[in-house]
There are 2 protein chains.
Amino acid sequence: MTSETHSTSAQDATPIGFQEHDHQACVETALATAEVRCNEAGLRLTPVRRKVLEMLVQEHRALGAYAILDRLRDEGFGSQPPVAYRALDFLVQHGFAHKIERLNAFVACAHPGAMHSPAFMICRNCDAVAEAQSAPVKGMLGAAARAAGFEIERMVVEAEGLCPDCTEKA
Amino acid sequence: MTSETHSTSAQDATPIGFQEHDHQACVETALATAEVRCNEAGLRLTPVRRKVLEMLVQEHRALGAYAILDRLRDEGFGSQPPVAYRALDFLVQHGFAHKIERLNAFVACAHPGAMHSPAFMICRNCDAVAEAQSAPVKGMLGAAARAAGFEIERMVVEAEGLCPDCTEKA
DNA sequence: GGCATACATGATATAAAATAACATGACAAG
DNA sequence: CTTGTCATGTTATTTTATATCATGTATGCC
């Protein structure tokens with residue numbers, strides 16, 4: 001179950017998704033980007049927060065708060081729920097991570113910094129999560145909202161199904 | 001089934017959640033429809049299930065499982081969590097209700113019987129919920145999914161914001 | 001430097017949401 | 001009337017999330 005290492009440093013090329021890619025670079029880039037963005041915005045990417053982000057980026061899957069907490073403990077950080085939740089709140093609030101409502105779990109943001117309304121594809125078999133863009137105000141829902149006078153502030157779009165790998169194996 | 005009913009005017013997309021309507025009739029229709037559909041499908045709309053559905057239809061808002069449980073107790077039904085969760089599971093499974101992931105709560109289905117992929121507008125202030133249609137496989141996410149080889153089985157689409165009433169009051 | 005302030009973390013406790021597991025009851029089919 | 005199936009009742013526990021208060025740490029001001 002633990003696909004901790006996507007050892008294949010293959011050419012990525014595919015937009016966003018379940019394909020193999022240079023994971024090491026992926027992790028490093030994400031962390032570096034976060035550092036820069038925090039500096040720019042006057043935010044503090046403290047050790048706990050950085051570690052949590054690293055964990056999320058490392059896995060390309062949704063991790064529950066308590067899974068994160070376990071690993072924090074292993075790394076010598078505080079081991080009580082608020083430690084994990086606070087770090088996650090920070091990351092979510094500033095766009096470095098997203099909460100997957102369907103799973104009560106969290107993933108690293110795939111497009112940090114980009115103003116975006118994320119949509120997710122969640123594999124029900126292996127819990128892999130891919131992030132795509134959604135077009136919130138366009139389409140039927142936007143039309144319905146305008147018709148009803150509802151002001152959309154935030155969108156949750158989550159598709160559940162089978163990722164390519166799991167489809168193959170089935 | 002996917003797009004057969006989409007040649008509709010904007011009027012059809014209007015949600016029933018945020019507007020005045022004959023609520024008494026609304027409740028009765030919903031329950032009657034459920035009865036019929038259960039009979040047709042050989043399902044048993046037992047007292048608990050019926051009561052839970054009634055409660056959900058009565059309020060046009062999301063109710064948590066424990067709110068429902070409290071009321072069940074008041075009505076003389078069992079008062080332990082599984083009682084509520086089982087009834088809710090039944091209703092959700094057979095399309096009489098939906099779970100709002102964002103709230104960990106449940107609403108009656110506004111279009112029971114119709115094969116549909118629901119989208120919700122949730123008022124962050126008063127918790128009112130309106131149901132609209134979403135077009136799951138169309139749009140950006142569908143395209144991204146096809147490109148990635150992801151097979152969508154189920155969609156969660158939830159818009160959070162302010163309903164007309166609460167917008168006015170603010 | 002000493003001090004005030006704001007923010008971050010640590011730690012205890014508890015709330016809220018959901019499920020596991022097993023026992024009992026209702027009811028139709030054979 | 002017995003058997004099988006489905007629904008309900010009940011106990012216990014797990015999982016997810018917050019409230020609260022105490023402590024620590026960086027920063028700016030005097």
Side-chain angles (χ1 to χ4, degrees), chain A residues 34-35 38-39 41-53 55-56 61-94 96-107 122 124 127 156 158, chain B residues 34-35 38-39 41-53 55-56 61-94 96-107 122 124 127 156 158:
Chain A
E35 300 265 20
C38 282
N39 279 338
L43 302 170
R44 296 165 59 185
L45 190 63
T46 62
V48 206
R49 293 168 176 177
R50 195 178 196 285
K51 195 73 207 173
V52 171
L53 178 56
M55 286 169 13
L56 289 178
R61 337 176 346 214
L63 284 178
Y66 284 76
I68 285 167
L69 189 55
D70 284 347
R71 299 177 189 210
L72 283 180
R73 179 178 14 250
D74 294 348
E75 303 268 350
F77 292 93
S79 59
Q80 299 307 311
V83 175
Y85 280 104
R86 283 195 284 234
L88 288 166
D89 282 352
F90 172 88
L91 295 173
V92 168
Q93 186 146 1
H94 296 100
F96 301 116
H98 301 289
K99 180 170 188 185
I100 305 294
E101 299 289 345
R102 171 75 182 134
L103 301 176
N104 295 322
F106 301 81
V107 277
I122 308 162
R124 68 164 155 77
D127 269 11
V156 173
E158 298 172 1
Chain B
E35 299 265 20
C38 282
N39 278 338
L43 302 169
R44 296 166 60 185
L45 191 62
T46 62
V48 207
R49 291 169 178 176
R50 194 178 197 286
K51 195 74 205 172
V52 172
L53 178 55
M55 286 169 14
L56 290 178
R61 343 179 338 222
L63 284 178
Y66 284 75
I68 285 167
L69 190 55
D70 285 346
R71 301 177 188 210
L72 283 180
R73 178 176 17 248
D74 293 348
E75 303 266 351
F77 292 93
S79 60
Q80 298 307 311
V83 174
Y85 281 104
R86 283 194 285 234
L88 288 166
D89 282 352
F90 172 88
L91 295 173
V92 168
Q93 185 146 1
H94 296 100
F96 300 116
H98 302 290
K99 179 171 188 184
I100 306 294
E101 300 290 346
R102 171 76 181 131
L103 301 177
N104 294 323
F106 300 82
V107 279
I122 308 163
R124 68 164 155 78
D127 269 13
V156 173
E158 297 171 1

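Per chain, numbering begins at 1; letters A, B, ... match sequence-line order.
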A:R50: what forms a side-chain contact (heavy atoms from CB on, under 4.5 Å) with it, not counting sequence neighbours? A:L31, A:E35, A:L45, A:E54
Protein-nucleotide distance (A:I68, atom CD1; D:dT15, atom C1'), rounded to Å: 15 Å
A:L63 CG to D:dA17 P, straight-line distance once rounded to whole Å: 13 Å
With heavy-atom distances below 4.5 Å as the criterion, would you say the side chains of A:R86 and A:F90 are in contact? no
Return a single string for nucleotides 5-12 of chain C, one symbol per nucleotide in 5' to 3' order, where B is base contact, S is sugar-phosphate-only contact and - is none, cutoff 4.0 angstrom on heavy atoms. --SSBBBB
Could you tell me whether the phosphate oxygens of D:dT15, OP1 or OP2, come under 4.0 Å of any side-chain nitrogen or oxygen in A:N104? no
Side-chain heavy-atom pair B:E101, A:V156 within 4.5 angstrom cut-off: no
It should be established whether A:Y85 places a side-chain nitrogen or oxygen under 4.0 Å from OP1 or OP2 of nucleotide D:dA17. yes
Short side-chain N/O contact to C:dA18 OP1/OP2 from B:K99, under 4.0 Å: yes
Interatomic distance, B:L45 CG vs D:dA7 C1' [rounded to whole Å]: 13 Å
Whole-Å gap separating C1' (D:dA19) and CG (A:D89): 13 Å
Tell me the interatomic distance from B:K51, atom NZ, to D:dT8, atom C1', rounded to whole angstroms. 18 Å
Take the protein atom CZ of B:R102 and the nucleotide atom C1' of C:dA17, then report the distance between them rounded to whole Å. 15 Å
Quiz item: B:Y66 side-chain donor-acceptor pair to C:dA16 base, under 3.5 Å: no
Residues in side-chain contact (heavy atoms from CB on, under 4.5 Å) with B:S79, at least two apart? B:R73
Listed by chain and number, what are the side-chain hydrogen bond (donor to acceptor under 3.5 Å, both in side chains) partners of B:R71, not counting sequence neighbours? B:E59
With sequence neighbours excluded, tell me which residues meet side-chain contact (heavy atoms from CB on, under 4.5 Å) with B:A62. B:I100, B:L103, B:A105, B:V107, B:V129
Expressed as a whole number of angstroms, how long is the span from B:L72:CG to D:dT10:C1'? 15 Å
Here the distance between atom C1' of D:dT16 and atom CD of B:E101, to the nearest Å, is 14 Å
For A:P47, enumerate each residue passing the side-chain contact (heavy atoms from CB on, under 4.5 Å) test, keeping only those at least two apart in sequence or located in another chain. A:F77
